[in-house]
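So you know, we letter chains A, B, ... as the sequences are listed, proteins then strands, and number each from 1.
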There are 2 protein chains.
Amino acid sequence: MSQADTVTRILDSAEQLFAEKGFAETSLRMITTRAKVNLAAVNYHFGSKKDLIQAVFARFLTPFCNKLDKEMATMAAGNPNPKLDDVLGVLAKTMLTGVTSSGQSNKLSVFMRLLGLAYTQAQGHLRRFLRDHYNGTYARFITYLRDAHPELSPKEIFWRIHFAIGACVFTMSSIEVLREMSIADTREDTGIDEVMNQLIPFLAAALER
Amino acid sequence: MSQADTVTRILDSAEQLFAEKGFAETSLRMITTRAKVNLAAVNYHFGSKKDLIQAVFARFLTPFCNKLDKEMATMAAGNPNPKLDDVLGVLAKTMLTGVTSSGQSNKLSVFMRLLGLAYTQAQGHLRRFLRDHYNGTYARFITYLRDAHPELSPKEIFWRIHFAIGACVFTMSSIEVLREMSIADTREDTGIDEVMNQLIPFLAAALER
DNA sequence: CATTGTTTTAAACGATCGTTTAAAACGAGA
DNA sequence: TCTCGTTTTAAACGATCGTTTAAAACAATG
């Protein structure tokens with residue numbers, strides 16, 4: 001087994017388990033067992049558990065942010081005054097097509113779940129890491145939103161977009177639980193596409209109003 | 001120190017720490033140290049850490065659900081065809097006035113944070129506990145929503161209300177982080193009342209549309 | 001005051017955690 | 001084939017976890 005294999009398998013297992021259980025509830029022994037590598041491999045290749053957490057985020061956030069930056073620039077080049085729909089459309093498209101780190105299915109919910117953990121479970125070091133590495137893309141995105149709605153104050157833009165992020169992150173984070181509850185409630189299942197098809201107009205209505 | 005004191009102090013500390021750090025990241029030693037009681041007091045009075053978690057939820061959910069049930073019944077008695085605004089208004093009022101378990105300030109964000117943990121960090125036992133004890137109130141509330149919007153399918157009701165719950169839970173769960181980010185973004189702070197004043201019309205627009 | 005049931009206390013239990021160590025296994029270049 | 005840097009392995013480290021124990025302290029009752 002080559003080094004790249006070992007590193008990748010650790011990242012895959014860690015990503016999956018972190019999204020499923022959170023950081024504290026996931027032990028290095030769970031990760032290395034699932035990855036079929038030796039326990040010491042994490043500390044050898046990454047240094048510490050904290051560094052592994054950052055590596056998991058870096059692996060999917062770096063290409064995602066690069067892609068988002070590029071797509072945003074492309075949109076702005078062909079459209080001097082992008083509206084909210086345009087900006088959010090680029091974001092949605094990037095999320096749907098650009099999140100493919102470990103190649104497993106259902107990647108979007110993992111992405112969302114990790115994003116949620118970053119907000120609610122970040123232990124300081126992760127928050128600092130994300131700010132230091134991805135604040136640029138975030139700031140540029142917010143700027144597009146402001147330009148699309150110059151009549152709204154920066155505050156209003158900030159909170160509306162985070163309300164929307166909240167609805168997305170929460171829904172996709174708890175998608176399994178929610179689908180179970182939905183079945184118990186309504187006696188019929190709801191596919192993820194169907195959830196997305198309801199979520200998008202929900203958010204559009206809330207953001208535009 | 002009487003028994004009631006000890007039990008209450010443990011519940012207060014646990015509630016605070018769970019909301020702040022989550023279940024796994026909060027040790028019994030943190031809880032008992034903050035509560036200024038002996039370590040063994042948790043196992044003596046509650047049995048186990050899982051039982052303590054359930055007790056924390058029970059302490060604020062039981063009076064909350066009782067109050068919500070009563071307020072809903074009162075509303076329905078005086079209003080044969082409550083609209084969405086009425087139903088959500090009762091919910092909001094109950095949340096703002098009825099969440100006062102440990103008497104500390106900023107209780108609403110603790111309530112929301114714990115609610116979020118119940119969805120995203122529930123380890124099975126908690127999910128079962130909540131379903132067994134509070135599913136009645138939940139079902140009744142959903143019924144009011146359905147009656148208020150008979151033209152919507154049960155599925156649509158279910159998902160819209162959970163998108164809304166997501167925006168609330170996420171926002172209030174990460175309120176400290178978000179306020180920091182907002183200050184960095186906009187160079188001005190946002191009070192919690194102000195956040196609520198933006199959140200409510202946001203949700204209203206999304207639910208009604 | 002003595003007794004009895006309840007609560008608190010200090011100490012220890014075994015289990016599991018993240019991390020470290022040192023030797024073994026491996027692989028490419030001389 | 002031998003060498004040397006890299007990677008993997010098994011074992012152990014100290015720390016911390018939830019839980020248990022048995023004795024001490026307490027409070028109420030006779």
Nearest-Å distance, [atom1] ([X]) to [atom2] ([N])?
| X | N | atom1 | atom2 | value |
| --- | --- | --- | --- | --- |
| A/H125 | C/dG18 | NE2 | P | 12 Å |
| A/R29 | D/dC13 | CZ | P | 14 Å |
| B/K50 | D/dC17 | NZ | P | 18 Å |
| B/K49 | C/dT16 | NZ | C1' | 13 Å |
| A/F23 | C/dG18 | CZ | P | 13 Å |
| B/N38 | C/dT6 | CG | P | 19 Å |
| B/E25 | C/dC17 | CD | C1' | 14 Å |
| A/F18 | C/dG18 | CZ | C1' | 12 Å |

By the 4.0 Å heavy-atom rule, please label B/T32 as base, sugar-phosphate, or nothing.
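B/T32: no heavy atom of the nucleic acid under 4.0 Å.
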Between B/A40 and A/N43, name the one whose nearest nucleotide on DNA chain C is closer to the 5' end.
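Checking each residue's closest nucleotide, the 5'-ward one belongs to B/A40.
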Heavy-atom nearest nucleotide on DNA chain C for B/L39 versus A/A24: which residue maps closer to 5'?
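Its nearest nucleotide lies further toward 5', so the answer is B/L39.
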CG on A/D132 to CZ on A/R128, rounded to 0.5 Å
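It comes to 8.5 Å.
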Report the nucleotide, chosen from C/dG18, C/dT8, D/dG18, that has the shortest atom-to-atom distance to any side-chain atom of B/Y44.
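Among the listed nucleotides, the one closest to the side chain of B/Y44 is C/dT8.
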Would you tabulate the pairs of protein nitrogen or oxygen atoms and nucleotide nitrogen or oxygen atoms of nucleotides 22-24 of chain C closer than 3.5 angstrom?
none

Taking the six-membered ring for Trp and the full ring for Phe, Tyr or His, determine whether the centres of [X] and [Y] are under 6.0 Å apart.
| X | Y | value |
| --- | --- | --- |
| B/F111 | B/F64 | yes |
| A/H125 | A/F129 | no |
| A/F170 | B/F163 | no |

Between [X] and [N], is there a contact of a side-chain N or O with OP1 or OP2 at under 4.0 Å?
| X | N | answer |
| --- | --- | --- |
| B/H45 | C/dT6 | no |
| A/S27 | C/dT16 | no |
| A/S48 | C/dG18 | no |

Under the salt bridge (Lys or Arg N to Asp or Glu O under 4.0 Å) criterion, do B/E20 and B/R113 qualify, and how do the steps go?
CA-CA 8 Å; B/E20 187 182 328; B/R113 177 82 166 117; over 6 Å; no
Return yes if a side-chain donor-acceptor contact under 3.5 Å exists between A/D185 and B/Y138, otherwise no.
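Judged by distance alone, the side chains do pair up.
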Salt bridge (Lys or Arg N to Asp or Glu O under 4.0 Å) between A/R127 and B/E180, worked out
CA-CA 12 Å; A/R127 204 124 65 205; B/E180 278 177 32; 5.6 Å; no
